[in-house]
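A, B, ... follow the sequence lines: proteins, then strands. Residue 1 opens every chain.
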Number of protein chains: 2
Amino acid sequence: MDDTLIDIGEVARRSGLAASALRFYERKGLIQAEGRNGLRRAYRPQTLERLDLISCARDAGFTLSEIAELLRARPSDTELRARLAGKEREVAERVDQLTRLRDSLRHAAVCEHDPLVECPEFKHAVRRVPVTRS
Amino acid sequence: MDDTLIDIGEVARRSGLAASALRFYERKGLIQAEGRNGLRRAYRPQTLERLDLISCARDAGFTLSEIAELLRARPSDTELRARLAGKEREVAERVDQLTRLRDSLRHAAVCEHDPLVECPEFKHAVRRVPVTRS
DNA sequence: CCTTGACTTGAACCGCACTTCAAGTCAAGG
DNA sequence: CCTTGACTTGAAGTGCGGTTCAAGTCAAGG
């Protein structure tokens, strides 16, 4: 257990997040400082891992409240787990969609259609998702 | 060529987007009405396809200005194509990340760690991306 | 002791993507 | 002709995810 605490400035530097963002996350309950160094927030090293998870989930389209919920998740909370299962389906669908979009963008690099978006191969990206309305 | 125009209300219904959003997209130059039915905007059926592309790209993390740019893209615009190639790399990275996150969420459904986020298998999602800073 | 510089706070502000509002207009139906 | 209801406009408002600001505080170094 490495319990050397890290000042907010260094956490900011190492996580790539602004210090203001870290304070914002603290207000939202996503992270917490273990102590203070004078006035300065000091964080446990594990906080860096947690920040990676937060960034990852945020990039995946989770809102900060959803992330807070995810961080609190315990195996006994079946209702929450059901929502996570829903999230999984959502993410899976996004993976499919993004994969198609990536392929379209890849094709755009060599395509000669004018304009590019009229290319039938490009349009493959936007195939309607079967039935995920409401 | 089916050139029957469609009223904004029906486009909204069929695309799943609010009419206010369609007007907003028009102001941003993403779509345009082909004519009017009285005051009512009337769109060509192809607009529905375009709206699917817009929704897809928006979900993929493109801003509306980036989408406008994408819609205007022509094969001769090499600078823009270079940016699209950059976007492709970005999307590819997101696909990887989302795939890991999806697997973690899938695992969360059966995992007994308390709290769930402490599960080593779950943490696999947040593996640091090699070197894509700056 | 005094400066420096990185932090502290709450509150205000920002950009994005829309939505909502108030007041007005039009086409169709009775 | 009058109502109804879906549209029109520009302007203001909303929610999210932060950033920026002003005024203050602390620890370390000279």
Next on the checklist: On DNA chain C, compare the nucleotides closest to A:Glu10 and B:Thr63; which residue's is nearer the 5' end?
Outcome noted: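 Upstream on the strand: A:Glu10.
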Checklist entry - Using 4.0 Å as the upper bound for N to carboxylate O, is an ion pair formed by B:Lys87 and B:Glu90? => result yes
In terms of side-chain heavy atoms of [X], which of [options] is nearest?
{"X": "A:Leu39", "options": "D:dG24, D:dT19, D:dG18", "value": "D:dG24"}
{"X": "A:Arg41", "options": "D:dG18, C:dT8, C:dC26", "value": "C:dT8"}
{"X": "A:Leu64", "options": "D:dA27, C:dC18, D:dG18", "value": "D:dG18"}

What is the distance, rounded to the nearest whole Å, between atom [atom1] of [X] and atom [atom2] of [N]?
{"X": "B:Arg27", "N": "D:dA12", "atom1": "CZ", "atom2": "C1'", "value": "12 Å"}
{"X": "A:Leu17", "N": "D:dT19", "atom1": "CG", "atom2": "C1'", "value": "13 Å"}
{"X": "A:Glu26", "N": "C:dG10", "atom1": "CD", "atom2": "P", "value": "11 Å"}
{"X": "A:Ile8", "N": "D:dT19", "atom1": "CD1", "atom2": "C1'", "value": "13 Å"}
{"X": "B:Ile67", "N": "C:dA17", "atom1": "CD1", "atom2": "C1'", "value": "11 Å"}
{"X": "B:Ile54", "N": "C:dC18", "atom1": "CD1", "atom2": "P", "value": "10 Å"}
{"X": "B:Phe24", "N": "D:dG13", "atom1": "CZ", "atom2": "P", "value": "17 Å"}
{"X": "B:Lys28", "N": "C:dC18", "atom1": "NZ", "atom2": "C1'", "value": "10 Å"}

Next on the checklist: Tell me which nucleotide, if any, is Watson-Crick or G-U wobble paired with C:dA28 when both distances must be under 3.5 Å.
Outcome noted: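 Base partner found: D:dT3.
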Checklist outcome for this item: C:dC16 -> Watson-Crick or G-U wobble partner, both distances under 3.5 Å, gives D:dG15
Checklist entry - Closest nucleotide of DNA chain D for A:Ala19 versus for A:Gly38: which of these residues is on the 5' side? => result A:Ala19
Checklist entry - Can you tell me if CD on A:Glu10 sees more than 12 non-hydrogen neighbours from other groups inside 6.0 Å? => result yes
Item to check | A:Arg74 atom CZ, neighbour heavy-atom count above 12 within 6.0 Å | outcome: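 Atom CZ in A:Arg74 is not packed in, count stays at 12 or less.
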Next on the checklist: Base, sugar-phosphate or nothing for B:Arg23? Non-hydrogen atoms, less than 4.0 Å.
Outcome noted: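 It contacts base atoms.
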Checklist entry - Looking across every strand, which nucleic acid part, if any, lies under 4.0 Å from A:Ala18 by heavy atom: base, sugar-phosphate, or nothing? => result sugar-phosphate
Item to check | salt bridge (charged side-chain N to carboxylate O under 4.0 Å, His left out) assessment of B:Arg83 paired with B:Glu79 | outcome: CA-CA 7 Å; B:Arg83 274 212 295 293; B:Glu79 197 209 319; 3.0 Å; yes
With a 4.0 Å cutoff (strictly under), does any side-chain N or O of [X] reach OP1 or OP2 of [N]?
{"X": "B:Arg36", "N": "C:dA27", "answer": "no"}
{"X": "A:Tyr25", "N": "D:dG18", "answer": "yes"}
{"X": "A:Arg40", "N": "C:dT9", "answer": "no"}

Item to check | Validation row: A:Ile67, A:Tyr25 side chains within 4.5 angstrom (heavy atoms) | outcome: no
